[in-house]
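A short worksheet on the structure shown next.
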Protein chains: 2
Amino acid sequence: MPGSTNFLTKNKSIILYGIFLAIMLLLLKWLELRFILINHAFEIYAGSIAIIFTALGIWLALKLTKPKTILIEKEVFTEKPETFVLNEKEMIRLNISKRELEVLQLMSEGLSNQEIAAKLFVSLNTIKTHIARLFDKLEVKRRTQAVEISKKLSLIP
Amino acid sequence: MPGSTNFLTKNKSIILYGIFLAIMLLLLKWLELRFILINHAFEIYAGSIAIIFTALGIWLALKLTKPKTILIEKEVFTEKPETFVLNEKEMIRLNISKRELEVLQLMSEGLSNQEIAAKLFVSLNTIKTHIARLFDKLEVKRRTQAVEISKKLSLIP
DNA sequence: TTTATCTTCATACTTTAGGGTGATTTTCAT
DNA sequence: ATGAAAATCACCCTAAAGTATGAAGATAAA
């Protein structure tokens with residue numbers, strides 16, 4: 001830009017003087033600082049040490065100490081675990097066979113003997129004998145009781 | 001003891017000399033320490049500052065930091081909530097009466113119609129009609145199904 | 001191989017459950 | 001007080017459940 005170039009050439013000496021003054025001022029300020037530094041060298045040194053080692057102390061404490069942990073156990077109640085596991089011990093104890101358990105399962109779902117027979121491709125009489133044996137082993141007299149008790153024993157879900 | 005007294009009087013000058021020597025040695029050692037301290041005053045001072053401020057830093061860090069809180073969610077499976085609450089909305093929706101619910105309850109416990117009748121001091125026929133209405137309202141055909149469904153609907157425990 | 005258990009099926013019989021219909025008495029809210 | 005819902009009961013009939021007994025094939029363990 002020609003405008004700014006003109007300004008520079010016109011006030012060259014003034015600018016140079018200004019710059020000189022600025023430098024001198026900076027130098028004086030620096031010398032002042034130096035003077036202060038020299039005269040208070042010990043205090044500055046001690047202060048620096050204090051600051052540095054305080055920082056070191058903080059760092060050490062934070063880094064090397066075990067974090068203070070407050071363990072809060074929050075109980076989460078699960079609605080229904082749904083994780084049915086067959087109580088095999090009871091099954092063995094009561095001497096209930098796999099087939100019988102299968103019939104028991106279907107019985108608990110509300111199926112009639114006829115429906116169970118159809119589902120397992122066997123005769124109604126077969127289901128009746130299975131159920132009769134189940135009642136004997138479970139020591140019950142009715143299917144509703146059988147369902148009740150075998151649910152409590154975790155033989156069925 | 002006369003023995004030890006004899007020993008003291010006999011060697012008095014030797015003992016005194018020994019004590020004197022010991023004191024002199026201690027004095028020398030102390031002077032030596034003083035000399036070391038004076039000559040290394042600055043280092044000692046700086047070191048002290050370092051130690052003190054490190055300690056300060058550690059103290060600050062331990063005292064002023066918030067303890068880290070770790071929240072751990074622990075799943076607790078309640079075996080049986082045992083807190084059965086009747087689903088009254090379903091009861092109203094299905095238009096099931098108190099007496100019917102009572103019968104349903106006993107039915108779920110495995111009682112026969114005859115037993116239910118005896119327990120409620122009513123005739124077998126009454127129980128039959130109650131149950132017939134229940135089956136109608138629950139849209140089922142067998143008592144095992146009735147028990148199944150009404151457990152799911154929280155009409156019975 | 002032989003024994004014991006499981007699974008299957010049958011026949012006969014008894015008991016209980018369930019369906020349909022109708023009727024009387026309580027109870028309770030309008 | 002009166003009408004609707006609830007609770008009670010009876011009778012008849014069918015279907016399903018449960019009991020008892022016997023027996024035969026399948027399977028797995030001894």
Side-chain angles (χ1 to χ4, degrees), chain A residues 86-153 155-156, chain B residues 86-153 155-156:
Chain A
L86 178 77
N87 189 342
E88 288 185 62
K89 288 183 183 176
E90 276 299 323
M91 218 180 121
I92 291 164
R93 188 178 72 81
L94 297 172
N95 195 29
I96 293 171
S97 73
K98 289 172 209 164
R99 197 59 159 174
E100 284 164 353
L101 190 73
E102 209 170 348
V103 173
L104 185 59
Q105 165 71 39
L106 294 172
M107 199 169 72
S108 78
E109 290 172 14
L111 300 202
S112 68
N113 292 349
Q114 194 61 262
E115 288 169 334
I116 296 170
K119 201 156 217 169
L120 298 181
F121 302 105
V122 293
S123 79
L124 174 61
N125 285 310
T126 305
I127 298 305
K128 280 190 177 185
T129 52
H130 280 317
I131 288 177
R133 293 224 185 83
L134 272 169
F135 289 177
D136 221 54
K137 291 171 181 177
L138 293 171
E139 295 177 285
V140 296
K141 295 214 174 298
R142 278 173 289 282
R143 47 176 57 215
T144 44
Q145 288 181 335
V147 172
E148 253 264 287
I149 223 174
S150 49
K151 279 198 177 183
K152 280 185 184 170
L153 297 178
L155 295 172
I156 51 172
Chain B
L86 178 77
N87 188 342
E88 288 184 62
K89 288 181 182 177
E90 276 299 322
M91 217 182 124
I92 291 164
R93 187 177 74 79
L94 297 172
N95 195 29
I96 293 171
S97 72
K98 289 172 210 165
R99 197 59 159 174
E100 283 164 356
L101 190 72
E102 209 169 348
V103 172
L104 185 58
Q105 165 70 38
L106 294 172
M107 198 169 75
S108 79
E109 290 172 15
L111 300 203
S112 68
N113 292 348
Q114 195 61 261
E115 288 168 334
I116 296 170
K119 202 157 217 169
L120 299 182
F121 302 105
V122 292
S123 80
L124 173 60
N125 285 311
T126 304
I127 299 304
K128 281 190 176 183
T129 52
H130 280 318
I131 287 178
R133 292 219 186 89
L134 271 169
F135 289 178
D136 221 54
K137 290 171 182 177
L138 293 171
E139 294 176 285
V140 296
K141 296 214 174 298
R142 276 174 292 282
R143 48 175 57 216
T144 43
Q145 289 182 334
V147 172
E148 253 265 289
I149 223 176
S150 48
K151 279 200 178 182
K152 281 186 182 168
L153 296 178
L155 294 172
I156 50 173

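Chain A is the first sequence line, chain B the second, and so forth, proteins listed ahead of strands; every chain is numbered from 1.
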message: How many whole angstroms separate atom CG of B:L120 from atom P of D:dT8?
response: 8 Å

- line: Of B:T126, B:I131, B:L124, the one forming a side chain to side chain contact (heavy atoms under 4.5 Å, CB included) with B:K128 is B:L124

task: Report yes if a side-chain nitrogen or oxygen of A:H130 is closer than 4.0 Å to either non-bridging phosphate oxygen (OP1 or OP2) of C:dT8; otherwise report no.
output: yes

A:S97 vs C:dT7: side-chain N/O to OP1/OP2 distance below 4.0 Å: yes

message: Rounded to the nearest 0.5 Å, what separates atom CD in B:Q114 from atom OG in B:S123?
response: 9.0 Å

message: Nearest whole Å is fine: how far is C:dT7 P from A:L101 CG?
response: 10 Å

- line: Taken to the nearest 0.5 Å, the spacing of B:M91 CE from B:E88 CD works out to 7.0 Å

query: Could you give the distance from NZ (A:K119) to CD (A:Q105), rounded to the nearest 0.5 Å?
result: 9.5 Å

message: What is the distance, to the nearest angstrom, from the CD atom on B:Q145 to the C1' atom on C:dA17?
response: 13 Å

message: Whether B:N95 contacts D:dA6 is assessed here as follows: a side-chain N or O lying under 4.0 Å from the phosphate OP1 or OP2. Is that the case?
response: yes

- prompt: Looking across every strand, which nucleic acid part, if any, lies under 4.0 Å from A:D136 by heavy atom: base, sugar-phosphate, or nothing?
  reply: nothing

field: Value in whole Å for how far the P atom of D:dT8 lies from CD of B:E100
entry: 10 Å

- request: Starting at CD of A:E109, measure out to OG1 of B:T144 and round the result to the nearest 0.5 Å.
  value: 10.5 Å

- line: Minimal heavy-atom distance between A:L101 and A:I96, with the atoms involved, is N-CG2, 4.0 Å

query: Atom CE of A:M91 to atom P of C:dT5: distance rounded to whole Å?
result: 16 Å

Contacts under 3.5 angstrom, residues 134-141 of chain A side chains, donor-acceptor by atom type, not counting sequence neighbours:
{"from": "A:K137", "atom 1": "NZ", "to": "A:N95", "atom 2": "O", "distance (Å)": "2.7"}
{"from": "A:K137", "atom 1": "NZ", "to": "A:E100", "atom 2": "OE1", "distance (Å)": "2.8"}
{"from": "A:K137", "atom 1": "NZ", "to": "A:E100", "atom 2": "OE2", "distance (Å)": "3.1"}

message: Each nucleotide in nucleotides 10-30 of chain D should get exactly one letter: B, S or -. Can you fill that in based on protein heavy atoms under 4.0 Å?
response: BB-----BBS-----------

field: Separation of C:dC6 P from A:L94 CG (nearest whole Å)
entry: 13 Å

task: Rounded to the nearest angstrom, tell me the gap between atom CZ in B:R99 and atom P in C:dC28.
output: 13 Å

statement: Rounded to whole Å, the CD-C1' distance (B:E102 to D:dT8) equals 14 Å

